[in-house]
Amino acid sequence: MLTAIRGFKDILPQNSLLWAVIEDFARLTFRSFGFQEIRTPILEKTEVFTRGIGEHTDIVEKEMYTFTDRNGDSLSLRPEATAGILRAVLEHNLHKEAGQIRVFTLGPMFRHERPQKGRLRQFHQIDMEILGPASPLADFEVIWMAWSIVNGIYEKTAQGSERPDLRLEINSLGCPSCKPHHREDLLIFLENRREQLCPDCQRRSLSNPLRVFDCKLEQCKNALKGAPLLRNYICPDCVEHLKLVQDALHAVNIPFVINPLLVRGLDYYSRTTFELISNELGAQGTVAAGGRYDGLAEQMGGPHLPGVGMAIGCERLLLLAEQWAEQQPVYATDIFVAAMGDKAMQTALPWIKELRKNGVSVLMPYESKGLKALLKAADRHNATFALILGESELQGRKAVLKDLHSHTQTEIAFESLLPELLDILKIAKRTSNNAWKP
RNA sequence: GUGGGUGUAGCUCAACGGUUAGAGUGUCGGGUUGUGGCCCCGAAGGCUGUGGGUUCGAAUCCCAUCACUCACCCCA
């Protein structure tokens, strides 16, 4: 049997509505924050990522789907969104048009990792970037967005009033005037204790030295005692920057903790960095993460263009929503047309056309079945009403409308069928508490 | 890339090395010729992931392989 690629998952109809809920809500929230959608290609020249993300990151070194196309160019499936967006902005000179660029995008990303809970090879991100402003308020607004979307989904899905189990951690990675001093000292420190570190950390101390602080082994924790800490190197400007972010977060009542050890895996980050972490996700607890990357545009061959952004992991947010929600949203139908025989089906077609024009979801199976089977099918499609149309109805020129929730039914004359149906549906929609209905 | 767990009906799961591999649920049909959910009856549905081995006999034990899954690593 043919199967999907490892780590690539089908989103089936039973799940797709929850995806739509999340995507719709994200789009709505972005609109309210004044963001515009941008859609960049899934495939880019490999150089976009090697220059953007950094050649010595794990993502670029061993996780990218890279291949040579028929022209001999090296192409890669995007492992994240920011580099591609930066490329598009610079290519189209968007930064010269507007003083500030506020964009978001939704879509699949690709990394060749070993799949586990909350981690797939094709996964989806909700991503946003603010380009132009160096203000800490931009950092704050990015965090605010991540917070708003994740918490908004909680409010939308969970009925309870208690807070979701989410932790916002922030930190500053320093800027080009202070970050390098720390890195230098840390490298020397690590070099001197090389033998005391675990093999992983020996490797890390070269590739991403800040990561050694994440190691859980006692051996490494001991070896790191007295190591130069980033917070002691941060320059006054960076301290002030982080403070303004904190003040803004306080102003809108977003709780957070400072985690001086919080780092990012991608090279382009500087100054503010943050993660939104859940305890309900297993080992991959980060739902959203991001930070500032003032040097990225230059690194990609563009002008100096400060930027800050974040990404939400859709699958992870979906896992949370599934845990929060008492029930999954299901597809529902307003009217299921239970027409028996060809004549009845033909008669119903013009009505169906008008109803659909009016935004009513109408379904009519083409199979000739008994009424019993048709009503069963109506149930399966979560229909609110069944419109019964058979021999006797055609003869009497009256259709039977059955309310499938209250089990009552009424006869409606063909002549007044449409206006009456629309009327009844309007009332039914108003009293319906099915928030998930599309 | 490394390690652990699990692979049996569409789905969720049973079955001591021993008859024809079962149950719940779902599907289809009937009870009720045109009235759904509840009830009753019936039917279909399986190369027990795949390949090898041990054994008189393997879903069951062993080996390999693949898939799924969780964790390490890394990250959203």
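Scope of the values below: all heavy atoms of this structure, side chains included, with no hydrogens, waters or symmetry mates. Quick caveat: nothing in here was measured; it's all calculated off a predicted structure. In what follows, chains are A, B, ... by sequence order, proteins preceding strands, each numbered from 1.
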- Query: Salt-bridged, A:E169 to A:R167, with N to O below 4.0 Å?
  - Reply: yes

- Taking the side chain of A:R380 as its heavy atoms from C-beta onward, which of B:U27, B:A76, B:C74 lies nearest to it? B:U27

- Query: What about A:K402: does its side chain form a donor-acceptor pair under 3.5 Å with the base of B:U35?
  - Reply: yes

- Just checking A:L317: base, sugar-phosphate only, or nothing, at a heavy-atom cut-off of under 4.0 Å? nothing

- Query: Once you round it to whole Å, what is the distance between P of B:A71 and CG of A:L120?
  - Reply: 13 Å

- Task: Under 4.0 Å between any heavy atoms, over every strand shown, what does A:Q14 touch: base, sugar-phosphate, or nothing? Just pick one.
- Result: nothing

- Message: Let's test your reading of the pairing rules: Watson-Crick or G-U wobble, both distances under 3.5 Å, then write RNA chain B as a dot-bracket string with ( ), [ ], | and dots.
- Response: (((((((..((((....[...)))).(((((.......))))).....(((((..]....))))))))))))....

- Task: Using a heavy-atom cut-off of under 4.0 Å over every strand shown, decide if A:A288 touches base, sugar-phosphate, or nothing.
- Result: sugar-phosphate

- Message: Is it the case that the base of B:G1 and the side chain of A:E63 share a donor-acceptor contact (distance under 3.5 Å, atom types as modelled)?
- Response: no

Please list every donor-acceptor pair under 3.5 Å in which a side-chain atom of residues 18-30 of chain A meets a protein atom from a residue at least two apart or in another chain.
residue: A:R27; atom: NE; partner: A:E37; partner atom: OE1; Å: 2.9
residue: A:R27; atom: NH2; partner: A:E37; partner atom: OE2; Å: 3.0
residue: A:T29; atom: OG1; partner: A:F25; partner atom: O; Å: 2.7

- Message: Just the rounded figure in Å: distance from P of B:C68 to NZ of A:K117.
- Response: 18 Å

- Query: Looking at B:A76, B:A71, B:G36, which one has an atom nearest to any side-chain atom of A:Q116?
  - Reply: B:A71

- Between A:P255 and A:N253 the two heavy atoms that sit nearest each other are CD-O, 3.4 Å

- Closest-nucleotide ordering on RNA chain B, the 5'-leading residue of A:R114 and A:H405: A:R114

- Query: Nearest-Å distance, NE2 (A:H112) to P (B:G1)?
  - Reply: 6 Å

- Message: Using a 3.5 Å distance criterion without hydrogens, assess whether the side chain of A:S361 forms a donor-acceptor pair with backbone atoms of A:D334.
- Response: yes

Taking only distance into account, with no hydrogens and no angle test, what donor-acceptor pairs under 3.5 Å do side-chain atoms of residues 113-134 of chain A form with protein atoms, sequence neighbours excluded?
residue: A:R119; atom: NE; partner: A:R114; partner atom: O; Å: 2.9
residue: A:R119; atom: NH2; partner: A:R114; partner atom: O; Å: 2.5
residue: A:R121; atom: NE; partner: A:E113; partner atom: O; Å: 2.6
residue: A:R121; atom: NH1; partner: A:H112; partner atom: NE2; Å: 3.4
residue: A:R121; atom: NH2; partner: A:H112; partner atom: NE2; Å: 3.4
residue: A:R121; atom: NH2; partner: A:E113; partner atom: O; Å: 3.2
residue: A:H124; atom: ND1; partner: A:E315; partner atom: OE2; Å: 2.8
residue: A:E129; atom: OE1; partner: A:Y293; partner atom: OH; Å: 2.4
residue: A:E129; atom: OE2; partner: A:T82; partner atom: OG1; Å: 2.9

- Atom P, compared across B:A59 and B:G51: separation rounded to whole Å: 13 Å

- Note on the structure: Taken to the nearest whole Å, CD/A:E393 to P/B:U35 is 12 Å

- Message: Base, sugar-phosphate or nothing for A:G282? Non-hydrogen atoms, less than 4.0 Å.
- Response: sugar-phosphate

- Message: If you assign each of A:V400 and A:L276 to its closest nucleotide in RNA chain B, which residue comes earlier from the 5' end?
- Response: A:V400

- Item | Side-chain donor/acceptor of A:R316 to base of B:C75, under 3.5 Å | yes

- Message: Does A:R111 contact B:C75 through a side-chain donor or acceptor facing the base, at a distance under 3.5 Å?
- Response: no

- Query: Of all the choices, B:C70, B:C73, B:U35, which nucleotide is nearest to the side chain of A:L375 once you look at every atom?
  - Reply: B:U35

- Just checking A:S392: base, sugar-phosphate only, or nothing, at a heavy-atom cut-off of under 4.0 Å? base

- Note on the structure: Which of B:G34, B:A76, B:C75 is nearest the side chain of A:Q284? It is B:C75

- Query: Taking the same atom, P, in B:G26 and in B:C11, what whole-Å distance lies between them?
  - Reply: 15 Å

- For A:E391, report the nucleic acid contact type (base, sugar-phosphate, nothing); a contact means any heavy atom under 4.0 Å. base

- Kindly indicate whether the side chain of A:R6 and the base of B:C66 share any N or O donor-acceptor pair separated by less than 3.5 Å? no

- Query: Nearest of B:G36, B:G34, B:C72 to any side-chain atom of A:L371?
  - Reply: B:G34

- Task: Carefully, step by step, assess A:D185 and A:R183 under the rule salt bridge (charged side-chain N to carboxylate O under 4.0 Å, His left out).
- Result: CA-CA 6 Å; A:D185 287 358; A:R183 193 184 161 93; over 6 Å; no

- What's the shortest heavy-atom distance between A:I153 and A:A321, and which atoms? CG2-CB, 4.0 Å

- Message: Could you go through A:Q100 and A:R102, starting from their C-alpha distance and side-chain angles, then the distance that decides it, and tell me whether this counts as side chain to side chain donor-acceptor pair (under 3.5 Å)?
- Response: CA-CA 6 Å; A:Q100 187 180 122; A:R102 301 162 72 83; 2.7 Å; yes

- Supply the atom-to-atom distance A:F33 CZ to A:W144 CH2, rounded to the nearest 0.5 angstrom. 5.0 Å

- Item | Same-atom distance (P) from B:G31 to B:G22, integer angstrom | 29 Å

